[in-house]
A.B. asks: 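Have a look at this one before I ask anything.
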2 protein chains.
Amino acid sequence: MATSLDIVFAALADPTRREILHMLLEDDMAVTDVAEPFAMSLAAISKHLAILAAAGLISQEKRGRVKWCKLEPDALSAASVWMQSFGQFEPINLDAFEAFLTQELGTADAPASILEQ
Amino acid sequence: MATSLDIVFAALADPTRREILHMLLEDDMAVTDVAEPFAMSLAAISKHLAILAAAGLISQEKRGRVKWCKLEPDALSAASVWMQSFGQFEPINLDAFEAFLTQELGTADAPASILEQ
DNA sequence: GTCATATTCAACCGATCGGTTGACGATCTT
DNA sequence: AAGATCGTCAACCGATCGGTTGAATATGAC
């Protein structure tokens, strides 16, 4: 039996899906627009979105012929709580954050917005 | 290229591995002792431990013929930071925590210890 | 009605995953 | 030295994953 934690962590394990979540942090998007920056087929992105939706990380609403995708960050709650039960690390560790940015995005600039809030 | 986030989240996506991490939260353990409560072969647990070690979530040190496994919770840091960049949820959401316990452990009792600290 | 756009479905592909089994190399005990 | 214990390795298995392609289905525009 796959619990919600299985599904959420598995959804987060793919870099394409994490990038999609980051894009949706900006604004709701149609499936075609989500797919645009990626070098893969629309069908592949559609599958990724289905996986994110199954994990509850996004919701999808069809208006007309376009399906709008919306971030649902609350779905991270259970996973976040699970991780915090190990609690021996700082909630915001700037070193780790910078290391993450360097690895994941290839830069340590832009998202000052995240730190400011 | 698999980033550290890929590897960490993928490691966390398996319930056996998450349970191993919980066990190691109590104390360091030998591979055989880790395997004992599980209904699967020692070789399978050995593989799970290798995956956790590759993710940096545990370290393994061989003393004599016994290989000791130690939790390394700092490895969760980057993943935790990544998740917190979505930040619209409470750091500790008790409803989600209880829902998680019910689903994952089949009870909502025991780990008051986690809440107390 | 016709055509274009938005999205999914279905079938397929190679690669990886989670598990098994049996053999093996180290290490401790006697 | 012999035997038991600890753990991994290697080969295998079926299932799932991440991607493709081409056809199908809605819906909107003309």
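Below, read A as the first sequence line, B as the second, and so on, with proteins coming before strands; counting in each chain starts at 1.
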A.B. asks: To the nearest angstrom, how far is B/Trp68 atom CH2 from D/dC6 atom C1'?
C.D. replies: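 The answer, rounded to whole Å, is 12 Å.
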A.B. asks: Should B/Lys70 and B/Ile58 count as side-chain neighbours, where that means a heavy-atom distance under 4.5 Å?
C.D. replies: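 No, too far: nothing below the 4.5 Å cut-off.
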A.B. asks: Let me know the distance between CD1 of A/Ile7 and C1' of D/dT16, rounded to the nearest Å.
C.D. replies: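 The distance from CD1 of A/Ile7 to C1' of D/dT16 comes to 14 Å, rounded to the nearest Å.
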A.B. asks: Measure from CD on A/Glu19 to C1' on D/dG18 and round the result to the nearest Å.
C.D. replies: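 Those two atoms, CD and C1', are 16 Å apart.
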A.B. asks: Enumerate all atom pairs, one protein N or O and one N or O from nucleotides 25-30 of chain C, separated by less than 3.5 Å.
C.D. replies:
residue, atom, partner, partner atom, Å
C/dT27, O3', B/Arg65, N, 3.4

A.B. asks: Using whole Å, report how far NZ of B/Lys67 lies from P of D/dC9.
C.D. replies: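 Whole-Å distance recorded here is 7 Å.
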A.B. asks: Please list, by residue number, the residues of residues 27-37 of chain A whose heavy atoms come closer than 4.0 Å to an atom of DNA chain D; answer none if no residue qualifies.
C.D. replies: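 When residues 27-37 of chain A is checked for heavy atoms under 4.0 Å from DNA chain D, there are no hits whatsoever.
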A.B. asks: What is the distance from CG of A/Asp14 to C1' of C/dA15, rounded to the nearest Å?
C.D. replies: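 Roughly 14 Å, once rounded to whole Å.
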A.B. asks: Is there a donor-acceptor pair closer than 3.5 Å between any side-chain N or O of B/Arg17 and the backbone N or O of B/Leu12?
C.D. replies: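 Flag not set: sc B/Arg17 to bb B/Leu12 has no pair under 3.5 Å.
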A.B. asks: Taking atom C1' of C/dT7 as reference, at what distance in whole Å does atom CD1 of A/Ile58 sit?
C.D. replies: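 In whole Å, C/dT7 C1' and A/Ile58 CD1 are 13 Å from each other.
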A.B. asks: Is there a side-chain contact (heavy atoms from CB on, under 4.5 Å) between A/Asp28 and A/Cys69? Walk through the geometry before answering.
C.D. replies: CA-CA 6 Å; A/Asp28 300 356; A/Cys69 305; over 6 Å; no
A.B. asks: Does some side-chain heavy atom of B/Trp82 sit less than 4.5 Å from a side-chain heavy atom of A/Arg18?
C.D. replies: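 Of all side-chain heavy-atom pairs linking B/Trp82 with A/Arg18, at least one is under 4.5 Å.
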A.B. asks: Looking only at heavy atoms, which two atoms of A/Ala11 and A/Leu52 are closest? And how far apart?
C.D. replies: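 Closest approach of A/Ala11 to A/Leu52, heavy atoms only: CB-CD2, 4.3 Å.
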A.B. asks: Quick one: does A/Met23's side chain get under 4.5 Å of A/Pro37's, heavy atoms only?
C.D. replies: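 In contact.
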A.B. asks: Side chains of B/Trp68 and B/Arg63, heavy atoms from C-beta outward: is any pair under 4.5 Å?
C.D. replies: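 They are in contact (side-chain heavy atoms under 4.5 Å apart), so the answer is yes.
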A.B. asks: Taking side chain as C-beta onward, heavy atoms only, is B/Thr16 less than 4.5 Å from B/Ile45?
C.D. replies: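 B/Thr16 vs B/Ile45: side chains touch.
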A.B. asks: Distance check needed: D/dT27 P versus A/Glu61 CD, whole Å only.
C.D. replies: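 Taking atom P of D/dT27 as the reference, CD of A/Glu61 is at 14 Å.
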A.B. asks: Can you list, in residue-number order, the parts of residues 39-47 of chain A that come under 4.0 Å of DNA chain C, counting heavy atoms only?
C.D. replies: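 Residues of residues 39-47 of chain A under 4.0 Å from DNA chain C: A/Leu42, A/Ala43, A/Ser46, A/Lys47.
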A.B. asks: Grouping I, L, V, M, F, W and Y whenever their side-chain heavy atoms are under 4.5 Å apart, do B/Leu49 and B/Leu42 come out in a common cluster?
C.D. replies: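 Same cluster.
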A.B. asks: Could you tell me if the side chain of B/His22 sits less than 4.5 Å from the side chain of B/Leu25, heavy atoms only?
C.D. replies: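 In short, these two side chains touch, coming nearer than 4.5 Å.
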A.B. asks: Whole angstroms only, please: what is the CZ-P distance between B/Arg18 and C/dG18?
C.D. replies: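 Value for this atom pair: 12 Å.
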A.B. asks: I'd like to check B/Glu19 versus B/Phe38 (side-chain heavy atoms, cut-off strictly below 4.5 Å). Are they in contact?
C.D. replies: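 B/Glu19 vs B/Phe38: side chains touch.
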